[in-house]
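Counting starts at 1 for both ligands and their atoms, in listed order.
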Amino acid sequence: MSKYFSRKPGELQAYVPGEQPRNIQSLIKLNTNESPYPPAENVTKAVLKATNKANLYCDPTMLAVRQQLASVYGLTPDHFTLGNGSDELLSFAFLAFCNQATGAAFADITYGFYKVLSRLYATPTDIIPLDEQFCLVPEDYVGLHKTIFIANPNAPTGRALTLAQIEQILVSNPDNVVIIDQAYVDFGAECAIPLVEKYDNLLVINTFSKSRSFAGGRVGFAVAQPSLIADLETIRNSINPYNVNALSQAAACAILENNDYYMQNCAIIAQNREYLTEQLSALGFETLPSKTNFIFTKHASISGEQLYLGLKEKAILVRYFNAPRIRDYCRITIGTKDQMDALINAIKSLI
Ligand code: PMP
């Protein structure tokens with residue numbers, strides 16, 4: 001820390017991303033919930049074309065992508081805005097909807113960035129424990145008078161709320177925004193976007209990073225009634241009106257043109273998830289029911305850290321969190337069937 005840094009020691013707690021090694025050819029990378037499938041070919045073509053015009057600024061309104069999103073989700077473009085990944089939209093949501101009076105609330109075991117942002121913006125925060133089975137209890141969120149952040153399905157647990165449970169939270173918090181971060185929704189959970197027209201306090205945050213094979217392209221999108229989107233736009237235009245670059249905008253359009261390809265890949269990943277869960281269960285693993293492209297699993301005879309380190313020695317990367325309540329577990333991204341078979345063989349030799 002330099003003498004010029006204007007924050008006190010310990011005031012911030014920066015996010016630590018999962019390992020991103022560069023020599024991935026020799027690795028099976030199952031640690032940051034990326035898709036094992038590359039983007040379709042039309043993405044490469046669209047990016048090349050956009051590169052030829054990269055001497056000009058990109059469209060700060062991102063209209064072409066918003067129009068495509070509107071047609072995929074049956075809404076109008078003013079129901080959407082975009083971020084440089086959904087992480088940026090979460091940051092905008094904190095800036096737009098949390099202050100000293102409203103504060104924020106989220107689960108004890110959930111996406112780590114919520115805590116990072118609540119520290120960064122000095123937001124008074126309620127941390128609400130998940131139950132013993134790592135389920136979020138909707139009753140705990142009734143009438144909270146806080147801005148609520150819920151990852152649905154949750155990470156790293158993989159468990160999902162139903163739409164009825166989400167509605168219970170929305171109805172009982174009419175004076176606060178409820179953010180449903182559905183980064184993993186396309187792998188099997190109920191999508192909250194159809195609730196947007198019904199609830200003016202619902203903000204749904206989505207990403208192209210998982211189901212749409214575009215983690216490196218950094219595109220996230222927010223869906224809400226136009227008045228909430230206008231608030232996010234005020235924040236976005238106060239920070240960086242060109243937050244989603246021309247190449248990523250072109251790629252996002254190409255991806256949405258080919259949406260079925262990505263949704264079919266999600267169905268294959270969901271099958272591979274069930275396959276892996278069954279195989280691990282036969283080896284004595286306990287796995288939480290997952291609606292995502294990862295599983296959260298533990299074994300009585302090997303700690304989370306031992307499994308993580310053992311697999312790393314065999315060139316398979318998974319994620320281990322050295323945190324209360326979840327030290328016994330590893331989070332494993334679902335890949336191709338071949339990757340799952342290689343993982344199962346490696347695990348057999350470890351336990
Ligand atoms: N929300 C959740 C629950 C996540 O797990 C992640 C990925 N780490 C994100 C949001 C952020 O994804 P991105 O910024 O790549 O869109």
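A ring-ring contact (aromatic ring centres under 6.0 Å, His included) with Phe149 is found for exactly one of Tyr111, Phe97, Tyr141, Phe94, namely Phe94.
Atom NZ in Lys291 sits 13.5 Å away from atom CG in Asp186 (nearest 0.5 Å).
Near Ser209, meaning under 4.0 Å from one of its heavy atoms, ligand 1 places the atoms 13 (P), 15 (O), 16 (O). Residue contact check: Lys210 has heavy atoms under 4.0 Å from atoms 7 (C), 8 (N) of ligand 1. Interface atoms of ligand 1 facing Arg218, defined by a heavy-atom separation under 4.0 Å, are 13 (P), 14 (O), 15 (O). For ligand 1 and Gly85, the ligand atoms under 4.0 Å from any heavy atom of the residue are 14 (O), 16 (O).
A donor atom on one side chain and an acceptor atom on the other are found under 3.5 Å apart for Tyr114 and Asp181.
Of all protein heavy atoms, the one closest to atom 16 (O) of ligand 1 is Thr207 OG1, 2.5 Å. Among all protein heavy atoms, the one lying closest to atom 6 (C) of ligand 1 is Tyr111 CZ, 3.5 Å. Considering only non-hydrogen protein atoms, atom 12 (O) of ligand 1 sits nearest to Ser86 OG, 3.2 Å.
Geometrically, Arg212 engages Phe208 in a cation-pi contact, judged by NZ or CZ lying under 6.0 Å from the ring centre and within 45° of the ring axis. In this structure, Lys115 fails the cation-pi test against Phe106, since its NZ or CZ atom is not both closer than 6.0 Å to the six-membered ring centre and inside 45 degrees of the ring normal.
Contacts with ligand 1 closer than 4.0 Å are made by no heavy atom of Glu88, backbone or side chain. Contact annotation for Tyr184 and ligand 1: only side-chain heavy atoms (C-beta onward) come within less than 4.0 Å of the ligand. By the criterion of a heavy-atom distance under 4.0 Å, the side chain of Asp181, and not its backbone, is placed next to ligand 1. Counting heavy atoms closer than 4.0 Å to ligand 1, residue Ala183 contributes side-chain atoms (C-beta onward) but none from N, CA, C or O.
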| field | ring pair (Phe, Tyr, Trp, His ring centres under 6.0 Å) between Phe294 and Tyr184, intermediate numbers included | value | CA-CA 9 Å; Phe294 58 84; Tyr184 301 100; 5.0 Å; yes

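Residue Tyr114 places no N or O, backbone or side chain, under 3.5 Å from any N or O of ligand 1.
Salt-bridge check for Lys29 with Glu19: failed, with every basic side-chain N at 4.0 Å or more from each acidic carboxylate O.
Nearest heavy-atom pair, Ala251 versus Val47, reported as atom, atom and distance to 0.1 Å: CB-CG2, 3.8 Å.
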